[in-house]
Structure formats: C-alpha cells, structure tokens
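Only one structure is covered here, and it is reproduced in the block below.
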Number of protein chains: 2
Amino acid sequence: MSSRPLSRKRAQTLERLLAGATAVIAEKGFQRASLDEIAARAGLTKGAVYSNFASKEALFLAVMSAQTLRMQPRFPPDGDLRACLRALGEACAELLPRARAQAAFISEFHLYTLTHDEMRQRLGDAHAAGFAAGAADLVARFPADCLPMPPQVLPVVIQALSLGLVYQHCLTPDAVTPEVAIAAFEALAG
Amino acid sequence: MSSRPLSRKRAQTLERLLAGATAVIAEKGFQRASLDEIAARAGLTKGAVYSNFASKEALFLAVMSAQTLRMQPRFPPDGDLRACLRALGEACAELLPRARAQAAFISEFHLYTLTHDEMRQRLGDAHAAGFAAGAADLVARFPADCLPMPPQVLPVVIQALSLGLVYQHCLTPDAVTPEVAIAAFEALAG
DNA sequence: AGTATCGGATACCAATAAGTATCGAAAATG
DNA sequence: CATTTTCGATACTTATTGGTATCCGATACT
C-alpha cells in the first residue's frame, strides 16, 4: 500500500484510455460512446476502465477536464486595441481545426449540466477561465473609455463570440475561416 | 382510404406528443428522453408515438424543425448602423429567456449531426435562416464601406455572437443579461 | 525465491429502452 | 345500422450497455 509511484505501465493504460475515450466521444458524443468501444479503441477491455475509474461518469469528467477550450492570445507588446483584438481573433482561429471535437465535448458537457446542477457552475468557470483569460489582459491594458464596451461585458462577449464561431465552424467550415474570425474580433475595435 | 382530413383528435394527440417531447428533451436531452416518458408527459402511451411517427428519430426531427432559433429584429425605419445593430441585440436578448431549452436542442442536434452527415447541412441551413435573416437586411441597407466588416462576414458573426450569447446565458445567466447582448451588438458598430 | 498486491481480462447480471404484435374501441363510411 | 378502418393501449421481445464478480498473470516486497 502507501505511495504508488503510479507504475509506468499503469500511467500508460490510463493515458490510452483517456485518448480512446476522447476519440470516441468526439466521434459520437458521450452517451453513444460505450465503454466497450472506448476500451477497444485503447486496445484494452472494460476491466481496465473500471480499475481506473469509478464509473463512466468519472471517466467522462476526466476527459472533460483535459478538453476545456483555451485561448492563448499573443498580444503585441505595445499594440493598440485593434492589434490586441486581432491577436484574440488569431487565437480563436487556432481553435478552429479542433472545433469539431471541441464542440462535441462542449455540447455533451452542456447537456450533462442539464441534469447535474453542480456541474453547470464548473463548466461556466472552465469556460471563463479558458476563453476569457486574454480578455482580462485587455481590460487591464486599456483604460475603460478606450474599450468598445463596459469592461465587465467585454470578456463575456469575447467568450460568446469565440464559442459561437467554433460551433459555426463545425456546421459550415467554409463560412468560418481564420480570416472571418479575425475580422470578427477586429470589428469590435470599431 | 385516401384523404384523411387529419381528424381533430389526431391533430391534438400529435400536438400533445410534440409538446411532451419538447418538454422532456429540453430537460434531459434527446437520448436520455425515453419514449415512455415522452408519451406519459403527453398523457398517452408509446403506442401513440408509433402510430404517429415512424421512429424516435422521426419524432426528434419533427421537434427540431419547430425549435430552430429565429431572430426577429425590428430595425428602426431610418436608423443608422448602430441603431440597427442595437435592434439585433434586442432581438438576441429576446432569445435569452428560452435559452436553456433552445441550447439543449441545439446541443442535441449538434451531437446528432456527428453521426448523420446529411443533417449537418440541414442544421447549418436552419441556423443561417433563423439567425442571420436580419443580417441580410443590414447588408442590403448600408453600403459595404459603412459596415464594420465584409458583407459576407457580417451574417456569420451575427450568428456566432447570438449563438454564443445564448449558450453563455445558460451557464451564467447573470453574466449575460439583455443589456450585455445589446452592448455586444452595438460594439460591432464601433 | 516465496508471497502478497495490483491491474486488467472474462464472464455475467440487470436495467433500460427502442421497436413490434396484437387487440379493442371509436369514428368514418356505406 | 352494419362494417371497415383508424388510432392508441398493452404486453412482449430483443439489443444494448453500465456495472459487478471473479480469476489470472505480472510486478513489488521481504
């Protein structure tokens, strides 16, 4: 007993399980992803799942926590507002290639929160943390009267716009190109 | 045989089924909504479902087609760009009270399209039709160089922003008030 | 080495839920 | 009024799947 260094082997199966689950969930959604299929995708069996996770739900949450959308804008050190918004647009554009999988997770998690109230809070927090991190920088960087909207509102809008673009990209990839994302954010600068 | 005027009674049970399905799906999502529960909610039984729909999927699609998000902006007859964007913001704000149910449908339908490619197109079209209808008006109303972004891009952004705000509202209702929606759209005017 | 522990496989169980067969009553049709 | 058709209820079948019990082999400990 006591300290388990989480033997190399175990760490690997855990990783494979998460990878398998991620893949299958991205393809079919969580509910339609059976544990048998997930395990098979990982080259393992359901036994491996249950010796690493208490339940399907636990696996779900583990996958989710690794799949939060996260924007990483690189603001130009001394750029103006427009340049910074453009950087946000570029960061959003970087999410697009993974949009389909991401949207699947978000949709699934969203539905999950319909019947799991305590999780709604968590998802909200995770979104805020991942999406609007850059927004805080913006607000800190420019005086309120330079911003196109109240400083509390801007993060929400950035988040909403990013999320919306990711979703749209899934349905109509050609209509939501990186350029569109950048144009959308730049337009916020006026 | 031949023409059935769709007897009063039948029309009513059909309506009740759709209402029941709508309610249950909004609460739990489509996959977790059992036909037994839907029928019970409608005061009927599964038999009624199968004598009105070929399958659960058919019921699903019927519900969906009645649940597309639809913005109905009322543009001021001679308003400027900002006033028109504000009208869009107001139209978006009107969606918020029903956001939770709507987002459930959208999420569910979105997941559905993961495994039903032909439906992805339909959902994309439905969104475009419902969301960006007002955008076409905008584009028609103002010369391209008055708009904050290329005329093909604007509808996409309006749609993305609306969808994003609806989603966000589900998770953090207090952060996405009607005022926030309006401010977001107005900011597009610069 | 010998023994205990752990991780994963196999086989099984039980619940859920979609779909089907059938039947009865009410309404439409003549 | 008779008869046919329609609609919805009931009961059943069947497949899926989350979860459990158990067993075996490999690794870790003394």
Side-chain angles (χ1 to χ4, degrees), chain A residues 1-25 27-64 108-109 111-112 114-116 119, chain B residues 1-25 27-64 108 111-112 114-116:
Chain A
M1 68 217 55
S2 68
S3 72
R4 55 250 98 143
L6 199 60
S7 66
R8 192 95 221 101
K9 188 158 192 160
R10 175 129 191 251
Q12 193 186 2
T13 66
L14 211 150
E15 190 181 334
R16 280 161 67 191
L17 281 175
L18 286 174
T22 303
V24 178
I25 292 174
E27 281 172 25
K28 322 184 127 179
F30 175 68
Q31 317 203 49
R32 287 219 181 280
S34 74
L35 291 182
D36 281 323
E37 181 172 2
I38 288 173
R41 185 76 59 108
L44 298 165
T45 67
K46 212 164 45 173
V49 174
Y50 277 97
S51 68
N52 283 284
F53 298 95
S55 63
K56 187 185 181 186
E57 187 179 57
L59 172 60
F60 176 55
L61 294 176
V63 171
M64 285 300 151
E108 201 66 66
F109 204 0
L111 288 171
Y112 184 75
L114 288 181
T115 47
H116 296 74
M119 279 296 138
Chain B
M1 69 214 53
S2 71
S3 73
R4 55 251 92 168
L6 198 59
S7 66
R8 193 98 222 100
K9 187 158 195 160
R10 176 129 191 250
Q12 192 185 4
T13 66
L14 210 151
E15 189 180 335
R16 280 161 69 191
L17 281 176
L18 284 174
T22 304
V24 178
I25 292 173
E27 282 172 24
K28 322 186 130 180
F30 175 67
Q31 317 202 51
R32 287 220 181 281
S34 74
L35 292 182
D36 280 323
E37 182 171 0
I38 288 173
R41 185 76 59 105
L44 298 164
T45 68
K46 210 164 44 172
V49 174
Y50 277 98
S51 67
N52 282 283
F53 297 94
S55 63
K56 188 185 181 186
E57 188 179 58
L59 171 60
F60 176 54
L61 294 177
V63 171
M64 283 301 150
E108 202 65 63
L111 289 170
Y112 185 74
L114 288 181
T115 48
H116 297 73

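Chain naming here is simple, since letters A, B, ... match the order of the sequence lines and numbering starts at 1 in each.
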For [N] and [X] - does any side-chain N or O of the residue sit under 4.0 Å from the phosphate oxygens OP1/OP2?
X       : N      : value
A/Ser55 : D/dG18 : no
A/Ser51 : C/dG8  : yes
B/Asn52 : D/dC7  : no

For A/Ser34, answer base if it contacts any base atom (sugar-phosphate contacts may also be present), sugar-phosphate if it contacts only those atoms, and nothing otherwise; contact means non-hydrogen atoms under 4.0 Å.
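Touches sugar-phosphate only.
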Looking across every strand, which nucleic acid part, if any, lies under 4.0 Å from B/Ala42 by heavy atom: base, sugar-phosphate, or nothing?
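Nothing, no nucleic acid heavy atom in range.
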Show your reasoning for whether salt bridge (charged side-chain N to carboxylate O under 4.0 Å, His left out) applies to B/Glu27 and B/Arg32.
CA-CA 9 Å; B/Glu27 282 172 24; B/Arg32 287 220 181 281; over 6 Å; no
Could you give the [atom1]-to-[atom2] distance, from [X] to [N], as a whole number of Å?
X       : N      : atom1 : atom2 : value
A/Phe60 : D/dG18 : CZ    : P     : 13 Å
B/Leu35 : D/dA15 : CG    : P     : 18 Å
B/Lys56 : C/dG19 : NZ    : C1'   : 12 Å
B/Gln31 : D/dT17 : CD    : C1'   : 13 Å
B/Gln12 : C/dA27 : CD    : P     : 13 Å
B/Asp36 : D/dT10 : CG    : C1'   : 11 Å
B/Phe53 : D/dG8  : CZ    : C1'   : 14 Å
B/Arg32 : D/dT17 : CZ    : C1'   : 12 Å

Paired with D/dT30: which nucleotide, if any, by Watson-Crick or G-U wobble criteria at under 3.5 Å for both distances?
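The base-pairing partner of D/dT30, which may sit in any strand shown, is C/dA1.
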Taking for each residue the nucleotide of DNA chain D bearing the nearest heavy atom, is the 5' side occupied by A/Gly47 or by B/Thr13?
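It is B/Thr13, whose closest nucleotide lies nearer the 5' terminus.
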Ring-plane angle category for A/Tyr112 and A/His116, please: parallel below 30°, perpendicular beyond 60°, tilted otherwise.
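Aromatic pair A/Tyr112/A/His116 classed parallel.
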Proximity to the side chain of A/Arg10 - top-ranked nucleotide from D/dA9, C/dG7, C/dG19:
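Shortest atom-to-atom distance from the side chain points to C/dG7.
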Nearest to the side chain of A/Thr45 - C/dA9, D/dG18, D/dG8?
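Minimum distance to the A/Thr45 side chain belongs to C/dA9.
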Are A/Phe53 and A/Phe60, when compared by the centres of their aromatic rings, separated by less than 6.0 Å?
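No.
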How far does CG of B/Asp36 sit from CG of B/Leu44, to the nearest 0.5 angstrom?
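B/Asp36 atom CG to B/Leu44 atom CG measures 12.0 Å (nearest 0.5 Å).
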Quick one: does A/Lys46 reach the base of D/dG19 with a side-chain donor-acceptor pair under 3.5 Å?
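Indeed, a donor on one side and an acceptor on the other fall under 3.5 Å apart.
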Examine distances only and state if a side-chain atom of B/Glu108 and a backbone atom of B/Phe30 form a donor-acceptor pair shorter than 3.5 Å.
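Flag set: sc B/Glu108 to bb B/Phe30 pair under 3.5 Å.
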